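Below you'll find the structure, written out as structure tokens, and then a few comments.
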Amino acid sequence: MPRPILATVHPEALRHNLQRARQLAPDARVWAVVKANAYGHGIERCFEALRGADGFALLDLAEAERVRALGWRGPILLLEGVFEPRDLELCSRLQLWHTVHCTEQMDWLAAHKTQAPHRVFLKLNSGMNRLGFTPEAFRSAWARLNALPQVEEISFMTHFSDADGPRGIAHQIAVFEAATADLPGERTLSNSAAILRHATARVGGQPLAADWVREGIALYGSAPDFPEHSAADWDLRPAMTLASRLIGTQQLQAGDTVGYGSAFTADGPMRVGVVACGYADGYPRHAPVGTPVLVGGIRSRTVGRVSMDMITVDLSPLDAAGLPAGVGTEVVLWGRAASGEVLPIDEVARPAGTIGYELMCAVAARVPFASP
Ligand SMILES: *Cc1c(COP(=O)(O)O)cnc(C)c1O
């Protein structure tokens, strides 16, 4: 018998969350961002549910090959472009659209022999200072690309650093408007946070979400601006459940401690349950005592430190309600319990000092996924 831990992907939640982007950006085409193996959910497990997107955006060429192998003939965008010249051969062969964010990528393209010219997204560094051409270099980069026979169509991309927070996006929109004014081409600016929080923003007199939006985290049902907003506030549903079971229980008396470092001390009689899930499964080791968990569909909390293969949970809420809790009882670490109760991944990430993105991407290889 394998350990009882199991991850499940919810296709109906993916469909619903994709639909949320359609509602908020009705004029835009939607890239389903499936980098990092669909944020840990598995590209193959998500593909059918996300077929309704207009394209798939990712950054690993092997992942692009997997999306083509699933039969997708529509647009695929490489968000970081190519990493070396020979990647361009794969772009030609699989008709991948690719970002161009630096002069090296333009040099490689200029030297590339292709029958079918490429569609490229020229990336502007509008203030995030990660990838992209500076505003000063942007026009000459466009002019050079525009003169290349290898290039069929040029679109414009930038990425927001603060769409989820108080600084917002206005300063970057101003830079984007100035750099792209009167250059012809489609645009893509919005990530999930911009889709959700800046649905009415405008760029160059057009809706911010006019051409293409890039929906990542919201597809998977985590709020990019938690705790200011929860996934439920945005009407997003969890696309993943990580669940396991109790494999043991202990009766504690006042003064008894739990786990390594005796990080939890009982102040009276209580029962604790031991869950088959630890940091080697991707559960965050920094989750403190009190991190929420669903035991038998009832909200409870962790007690004691997270260890490699186990965590310990408080059974008091179930005992107080006269509900059974013992070996075999369902424990949901995040996602949806059999009872329908939901524990948002963001509520686990936050006390552990991280974000939903990291937890969903970090589910360990040893955790099996339910077959659909
Ligand atoms: C990952 C990524 C996105 C998606 O961001 P979310 O916050 O997950 O919506 C969009 N654009 C680029 C360039 C990215 O790398």
Side-chain angles (χ1 to χ4, degrees), residues 13-14 17-22 24-25 28-41 43 46 50 53-61 63-64 67 75-83 96-102 105 120-133 155-165 167-169 172-173 176 186-199 201 208-209 211-226 228-229 231 234 236 238-240 345-346 349 354-362:
L14 291 166
N17 298 336
L18 177 60
Q19 202 49 40
R20 289 291 292 136
R22 295 251 180 249
L24 290 160
R29 278 158 285 161
V30 180
W31 293 110
V33 181
V34 295
K35 63 189 180 189
N37 198 23
Y39 289 49
H41 293 63
I43 288 175
C46 296
L50 297 180
D54 298 292
F56 289 90
L58 41 76
L59 42 80
D60 189 308
L61 282 100
E63 290 183 342
V67 174
I76 295 177
L77 174 62
L78 296 177
L79 289 165
E80 294 182 352
V82 296
F83 302 102
L96 308 180
W97 302 2
H98 52 99
T99 301
V100 173
H101 64 74
C102 62
Q105 288 178 330
V120 300
F121 280 67
L122 183 61
K123 184 155 189 178
L124 173 71
N125 170 12
S126 58
M128 188 164 187
N129 287 309
R130 248 173 20 175
L131 299 181
F133 292 92
S155 305
F156 305 112
M157 160 147 55
T158 200
H159 194 52
F160 295 130
S161 57
D162 290 79
D164 58 338
R167 191 176 180 200
I169 61 175
Q172 287 184 270
I173 287 183
F176 185 88
E186 295 190 336
R187 298 154 310 156
T188 176
L189 294 92
S190 298
N191 56 359
S192 296
I195 295 168
L196 295 166
R197 292 170 63 95
H198 302 285
L208 175 62
D211 296 326
W212 292 89
V213 297
R214 310 189 298 271
E215 188 186 21
I217 195 69
L219 271 180
Y220 306 100
S222 160
D225 58 352
F226 187 84
E228 187 183 343
H229 293 97
W234 293 124
L236 299 170
M240 181 197 289
I345 195 168
D346 302 318
T354 185
I355 51 179
Y357 295 76
E358 188 182 23
L359 295 191
M360 55 179 76
C361 289

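Counting convention: from 1, in listed order, for ligands and their atoms alike. Just so you know, these numbers use all the heavy atoms, side chains as well, and skip hydrogens, waters and symmetry mates. Given the structure is predicted, the values throughout are model-derived calculations rather than measurements.
In this structure, the side chain to side chain contact (heavy atoms under 4.5 Å, CB included) partners of Ala163, at least two apart in sequence or on a different chain, are Phe160, Ile169, Asn191, Ala193, Ala194, His198. With sequence neighbours left out, His101 forms a ring-ring contact (aromatic ring centres under 6.0 Å, His included) with no residue at all.
Of the protein's heavy atoms, Tyr357 OH, 2.6 Å lies nearest to atom 7 (O) of ligand 1. The protein non-hydrogen atom at the shortest distance from atom 12 (C) of ligand 1 is His159 CE1, 3.5 Å.
Using a 4.0 angstrom heavy-atom cutoff, Tyr39 counts as in contact with ligand 1.
Judged by distance alone, with hydrogens and angles left aside, the side-chain atoms of Thr99 form a donor-acceptor pair with the main-chain N or O of Leu79 at under 3.5 Å.
Of all heavy-atom pairs between Trp31 and Leu77, the closest is CH2-CB, 3.5 Å.
Of all atoms in ligand 1, numbered sequentially from 1 with element shown, those under 4.0 Å from a heavy atom of Arg214 are 9 (O), 10 (C), 11 (N), 12 (C), 13 (C). In summary, the atoms of ligand 1 found under 4.0 Å from a heavy atom of Asn191, numbered by their order in the structure, are 5 (O), 9 (O).
Considering backbone and side-chain atoms together, Arg130 places no N or O closer than 3.5 Å to any N or O of ligand 1. Below 3.5 Å of separation, one finds an N or O of Ser192 facing an N or O of ligand 1. Below 3.5 Å of separation, one finds no N or O of Ala193 facing any N or O of ligand 1. No N or O atom of Ala218 sits closer than 3.5 Å to an N or O atom of ligand 1.
Classification of the Trp212-Phe121 ring pair by plane angle, with boundaries at 30° and 60°, yields perpendicular.
A heavy-atom distance below 4.5 Å is found between the side chains of Val100 and Phe133.
Counting heavy atoms under 4.0 Å from ligand 1, residue Lys35 touches it through the side chain alone.
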Checklist line | Trace of the salt bridge (charged side-chain N to carboxylate O under 4.0 Å, His left out) decision for Glu80 with Lys35 | finding: CA-CA 11 Å; Glu80 294 182 352; Lys35 63 189 180 189; over 6 Å; no
